[in-house]
Amino acid sequence: MVITIRPARPDDAPGVRYVGTVSWPATYGSDKGAAYVMSGLDQFWNAEAIGSAIQAGNIYVADSEQGIVGMVHVEELGADMVMWKLYVLPDHQLHGIGRLLVGAAKSHAGAHGKELVTEYDPSNERVRGFYLREGFEATASLWPGSDARWLRWTGVADQ
């Protein structure tokens with residue numbers, strides 16, 4: 001399968017939202033429950049939120065002959081770039097697509113001369129290990145009082 005990582009276009013919005021509607025339940029459903037998943041989909045994956053992020057140039061997609069199979073959402077947060085969303089359709093995971101999308105996020109941050117931060121749920125050791133392999137290191141929380149764990153990539157000079 002040939003994967004192309006590229007900035008999302010407005011006509012990609014349904015595909016990006018599809019990645020969310022499939023990935024969120026698979027990622028959070030068994031641990032957080034249906035109410036959490038539905039609230040997150042309503043808040044973070046609605047047409048307006050995704051459309052605005054695409055218009056701002058903050059979403060990159062993994063495109064294949066099957067359509068969009070993954071996405072990453074990166075935007076400015078103070079002195080940093082933050083990677084809010086990184087999702088790959090469950091059937092396409094473990095094929096290097098996440099790594100390619102993180103590469104796009106790193107390049108985006110590097111082009112702006114910023115470090116890249118991201119968060120993860122502390123119960124998700126698989127995600128933590130992935131980010132550590134990608135060169136992220138533990139950092140202080142950007143949201144005091146949150147249960148999320150934060151990681152920072154400082155390799156701007158490497159880009």
Side-chain angles (χ1 to χ4, degrees), residues 3-8 12 16-17 19-32 36-37 39-46 48-63 68-90 92-159:
I3 299 293
T4 302
I5 306 298
R6 61 172 175 76
D12 292 325
V16 171
R17 292 186 65 215
V19 169
T21 59
V22 171
S23 299
W24 254 66
T27 303
Y28 301 110
S30 62
D31 291 338
K32 303 281 186 178
Y36 179 88
V37 169
S39 175
L41 290 172
D42 289 346
Q43 183 176 3
F44 304 120
W45 295 93
N46 66 66
E48 184 179 341
I50 295 301
S52 293
I54 289 173
Q55 287 290 11
N58 294 333
I59 292 184
Y60 293 83
V61 295
D63 197 3
I68 294 173
V69 297
M71 59 79 62
V72 63
H73 176 178
V74 184
E75 67 183 44
E76 216 167 300
L77 179 67
D80 299 311
M81 284 285 176
V82 64
M83 185 167 49
W84 287 123
K85 297 179 184 87
L86 172 65
Y87 292 96
V88 175
L89 291 174
H92 291 82
Q93 292 177 3
L94 303 174
H95 296 288
I97 298 169
R99 170 174 263 172
L100 293 172
L101 288 164
V102 169
K106 288 175 177 178
S107 293
H108 185 87
H112 291 85
K114 295 183 177 281
E115 295 181 358
L116 183 64
V117 294
T118 194
E119 63 170 335
Y120 70 97
D121 185 299
S123 67
N124 195 335
E125 283 297 315
R126 179 177 168 215
V127 167
R128 178 183 170 274
F130 170 77
Y131 285 134
L132 292 176
R133 286 189 303 276
E134 290 302 309
F136 287 79
E137 298 176 352
T139 193
S141 174
L142 288 127
W143 307 119
S146 167
D147 289 338
R149 299 294 188 263
W150 286 82
L151 299 167
R152 178 177 297 277
W153 174 78
T154 59
V156 176
D158 299 337
Q159 293 295 302

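With contacts defined as side-chain heavy-atom distances shorter than 4.5 Å, the pair Leu151/Thr139 does not qualify. At a threshold of 4.5 Å between non-hydrogen side-chain atoms, the residues Lys85 and Val72 do not count as touching. For the pair Leu77/Trp84, a side-chain contact is recorded, criterion being any heavy-atom separation below 4.5 Å from C-beta on. A 4.5 Å side-chain heavy-atom check between Phe130 and Val102 finds at least one atom pair inside the cut-off. Contact of the Pro7 side chain with the Ile59 side chain is not registered, since no non-hydrogen atoms from C-beta on lie closer than 4.5 Å.
When the side chain to side chain donor-acceptor pair (under 3.5 Å) test is applied to Thr21, no partner is found at least two apart in sequence or on another chain. Checked against side-chain contact (heavy atoms from CB on, under 4.5 Å), Ala148 has the following partners two or more places apart in sequence or in another chain: Glu119, Ser146, Trp150. The salt bridge (charged side-chain N to carboxylate O under 4.0 Å, His left out) search around Glu134 returns Arg99, Lys106, not counting sequence neighbours. Residues meeting the ring pair (Phe, Tyr, Trp, His ring centres under 6.0 Å) test with His95, sequence neighbours left out: none. By the ring pair (Phe, Tyr, Trp, His ring centres under 6.0 Å) test, Tyr36 is found to be paired with Trp24, Tyr28, residues two or more places apart in sequence or in another chain being considered. In terms of the salt bridge (charged side-chain N to carboxylate O under 4.0 Å, His left out) criterion, residue partners of Glu125 (sequence neighbours excluded) are, by chain and number, Arg128. For Arg6, the side chain to side chain donor-acceptor pair (under 3.5 Å) partners two or more places apart in sequence, or in a different chain, are Asp12, Asp63. Among residues two or more places apart in sequence or in another chain, the side chain to side chain donor-acceptor pair (under 3.5 Å) test is passed with Gln93 by Arg126. With sequence neighbours excluded, no residue forms a side chain to side chain donor-acceptor pair (under 3.5 Å) with Asn124. Listed by chain and residue number, Asp31, Asp121 satisfy the side-chain contact (heavy atoms from CB on, under 4.5 Å) test with Ser123 (two or more places apart in sequence, or in another chain). A search for ring pair (Phe, Tyr, Trp, His ring centres under 6.0 Å) contacts involving Tyr131 returns Phe136, not counting sequence neighbours.
Closest non-hydrogen pair, Gly70 versus Leu101, comes out as C-CD1, 3.8 Å. Nearest approach of Ile3 to Ala62, heavy atoms of both residues: CG2-CB, 3.9 Å. The minimum heavy-atom distance between Gly98 and Leu86, with the atom names listed, is O-CD1, 4.1 Å.
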Side chain to side chain contact (heavy atoms under 4.5 Å, CB included) between Val82 and Val74, worked out: CA-CA 6 Å; Val82 64; Val74 184; over 6 Å; no
Stepwise side chain to side chain contact (heavy atoms under 4.5 Å, CB included) test for Val69 and Val19: CA-CA 7 Å; Val69 297; Val19 169; 6.0 Å; no
Residue pair Glu76, Lys114: steps toward the side chain to side chain contact (heavy atoms under 4.5 Å, CB included) verdict: CA-CA 9 Å; Glu76 216 167 300; Lys114 295 183 177 281; 3.5 Å; yes
Chi angles and distances behind the side chain to side chain contact (heavy atoms under 4.5 Å, CB included) call for Val37, Leu41: CA-CA 6 Å; Val37 169; Leu41 290 172; 3.9 Å; yes
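Residues in residues 52-61 take part in these side-chain hydrogen bond (donor to acceptor under 3.5 Å, both in side chains) pairs, two or more places apart or across chains: Tyr60-His108.
Arg17 places a side-chain N or O within 3.5 Å of a backbone atom of Trp45 that can act as its donor or acceptor partner.
Taken from CG in Leu89 to CD1 in Ile68, the straight-line distance is 9.5 Å, to the nearest 0.5 Å. Summarising the geometry, atom OG belonging to Ser23 is positioned 11.0 Å from atom NE2 belonging to His92; distances are rounded to the nearest 0.5 Å.
Salt-bridge annotation for Glu137 and Arg152: absent, with no side-chain N of the basic residue lying under 4.0 Å from a carboxylate O of the acidic one.
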